[in-house]
Amino acid sequence: MKSYLITGGAGFIGSNFVKYILEKYPEIRILILDDLTYAGNLGTISENLNDPRLKFVKANITDNTAVRTIFEKDRIDYLINFAAESHVDRSIENPQLFLETNILGTQNLLETARKFWTAGKDENGRPVYHEGVKFLQVSTDEVYGSLGETGYFTENTPLSPRSPYSASKAAADFIVLAYAETYGMPVNITRCSNNYGPYHFPEKLIPLIIKNILEGEKLPVYGDGSNVRDWLFVEDHCKAIDMVIAGGKLGQVYNVGGHNEMKNIDIVKLTISTVRRLIEENSEYRSALKTDIENINENLITFVKDRPGHDLRYAIDPTKITDELGWIPETRFADGIVKTIRWYLENQDWVKDVTSGDYQKYYEQMYGNR
Ligand code: NAD
Ligand code: TYD
């Protein structure tokens, strides 16, 4: 029976991954380590907490004692590191926290895993690891920097991060690769494009827009809305990570993306029309609406001051993961966005729970004076 240590498992992608593998593998053990920052919520995994296959530990990935204790108590086969400070705008406000969690936290996990996974040395003095163990770092396409109007990121594109967030993720990638080279650690890195789907914290574009539409609030679009992101439904990302754990060649990086480039303004317009259509089609969704349905229109869009150093375009070339592991994205954007909006319409309690307290202060600070 395989045993997973999943850091950041109470966040957006981590929780979706936990649900995905619990469903897929009946014989499995999962230990979630999460510090429950503003972005991590026990409510997100409440339905899974009673599952005998799963344990939850509240701890910081930078806490050496906490991570070591986990390895002392449990055999871990796979460590999947989702835990991170993940929001570019917050990284512009407070870069240091991003370096602490994303870089030092990753190194702490690597170092602890290295110690517990080392089985001995080979005849050349190189470390030998326990059979089948693997460290998977969940990274991002943002480490490659910004594209112009054309071209794609491949795994060979030089890293050129431009925000404190992406710089911290790039540094983490380098330290993971350094552990592979220096100590022969069995690692993989996945670099995925923008995800969307259920349990996405409403500070990121798509869930923020859905929330504001339902409240009749303005929809803040940075700059002129022409920046392009390459959107992937979160379940397709989870599937890719599962495939890389099972079949990824050790030491390799895999790009994950669904060839679904869209301008921000088009995402916002599509979200407005889809929310309105779904509510018109199903009267049960009206309870999610805190404004008059007539207010759901493009007049809600407001162009605000651009993000400093705003990357123009991201676009992933996923040829390697498709050719080597057979991964393809299954959810078309047209279907994924409907699934996502339906989920938010049906899970307003979750939105309310995760957006109380600190989030309100943050929101005021970010958008209050634009
Ligand atoms: P998220 O912000 O929704 O969740 C992050 C989780 O990590 C939360 O549960 C939080 O409580 C936890 N966490 C944060 N700091 C911690 C710490 N110091 N110790 C322990 N736990 C901590 O993020 P997400 O969108 O789910 O992203 C998960 C990973 O995927 C991140 O590494 C991110 O860089 C990467 N990624 C995200 C996207 C995307 O579109 N969201 C795309 C590509 C890659
Ligand atoms: P975001 O969801 O923050 O992801 P990332 O910055 O990691 O790509 O933003 C996606 C795009 O949407 C990005 O180009 C910035 C833009 N954006 C807005 O225009 N308005 C907003 O309120 C937010 C949060 C993002």
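As the structure lists them, so they are numbered: ligands from 1, and atoms in each ligand from 1. Being a predicted model, the structure only gives us computed values, none of them experimental.
For Asn227, no nitrogen or oxygen atom sits less than 3.5 Å from a nitrogen or oxygen atom of ligand 2, counting backbone and side chain alike. Note: an N/O pair closer than 3.5 Å links Asn264 and ligand 2 by distance alone. The N/O atoms of Glu203, backbone and side chain alike, include none that comes under 3.5 Å of an N/O atom in ligand 2. Any N or O atom pair closer than 3.5 Å counts here, and Arg307 shares at least one such pair with ligand 2. Here's the thing with Val221: none of its N/O atoms is less than 3.5 angstrom from an N/O atom of ligand 2. The shortest N/O to N/O separation between Asn194 and ligand 2 falls below 3.5 Å. By the 3.5 Å distance cut-off applied to N or O atoms, Val88 is not counted among the residues near ligand 2. Residue Asp89 places no N or O, backbone or side chain, under 3.5 Å from any N or O of ligand 2.
Using modelled atom types, one finds a donor on one side chain and an acceptor on the other under 3.5 Å when comparing Tyr25 with Asp242. Under the 3.5 Å distance criterion, with hydrogens and angles disregarded, no donor-acceptor pair is assigned to the side chains of Trp231 and Ser193. Between Glu235 and Tyr20, the side chains place no donor N or O within less than 3.5 Å of an acceptor N or O (distance only, hydrogens not considered).
Cluster annotation: Tyr144 and Ile189 are assigned to the same hydrophobic cluster (Ile/Leu/Val/Met/Phe/Trp/Tyr, side-chain heavy-atom contacts under 4.5 Å, transitive). One hydrophobic cluster, built from ILVMFWY side chains closer than 4.5 Å, cannot hold both Leu136 and Phe71; they sit in different ones.
Within the structure, side-chain hydrogen bond (donor to acceptor under 3.5 Å, both in side chains) pairs that include any residue of residues 180-190 comprise Lys134-Asn188 (at least two apart or interchain). Each salt bridge (Lys or Arg N to Asp or Glu O under 4.0 Å) pair with one or both residues in residues 51-60, not counting sequence neighbours, appears once here: Asp35-Lys58, Asp51-Arg53, Lys55-Asp74.
Between the side chain of Thr101 and the backbone N or O of Phe98, no donor-acceptor pair lies under 3.5 Å.
Listed by atom number, the atoms of ligand 2 under 4.0 Å from Glu142 heavy atoms are 5 (P), 7 (O), 8 (O). Within ligand 2, the atoms closer than 4.0 Å to a non-hydrogen atom of Pro220 are 18 (C), 19 (O), 20 (N), 21 (C), 22 (O), numbered from 1 in the order shown. Every atom of ligand 2 is numbered from 1 in the order shown, and the set under 4.0 Å from a heavy atom of His87 is 3 (O). Atoms of ligand 2 lying under 4.0 Å from any heavy atom of His310, numbered from 1 in the order shown and given with element: 13 (C), 14 (O), 15 (C). For ligand 2, the atoms lying closer than 4.0 Å to a non-hydrogen atom of Lys204 are 2 (O).
The 4.0 Å heavy-atom shell around ligand 1 contains residues Gly8, Ala10, Gly11, Phe12, Ile13, Asp34, Asp35, Leu36, Thr37, Ala39, Gly40, Ala59, Asn60, Ile61, Phe82, Ala83, Ala84, Ser86, Thr101, Val138, Ser139, Thr140, Tyr165, Lys169, Cys192, Ser193, Asn194, Asn195, ordered by chain and number.
Of the heavy atoms in Asp311, none comes closer than 4.0 Å to ligand 2. At a heavy-atom distance under 4.0 Å, only side-chain atoms of Leu208, from C-beta outward, approach ligand 2.
Side-chain atoms of Ile80 and Tyr4, non-hydrogen and from C-beta on, do get closer than 4.5 Å to each other. A 4.5 Å side-chain heavy-atom check between Ile61 and Asn81 finds at least one atom pair inside the cut-off.
Taking the six-membered ring where the residue is Trp, the centroids of His130 and Phe116 are separated by 6.0 Å or more. For Trp327 and Tyr254, the gap between ring centers reaches or exceeds 6.0 Å.
Listed by chain and residue number, nothing satisfies the salt bridge (Lys or Arg N to Asp or Glu O under 4.0 Å) test with Lys269 (two or more places apart in sequence, or in another chain).
Arg90 and Glu85 are not joined by a salt bridge, as no carboxylate oxygen comes within less than 4.0 angstrom of a charged side-chain nitrogen.
In this comparison of Asn212, Ile265, Leu205, the heavy atom closest to atom 2 (O) of ligand 2 sits on Leu205.
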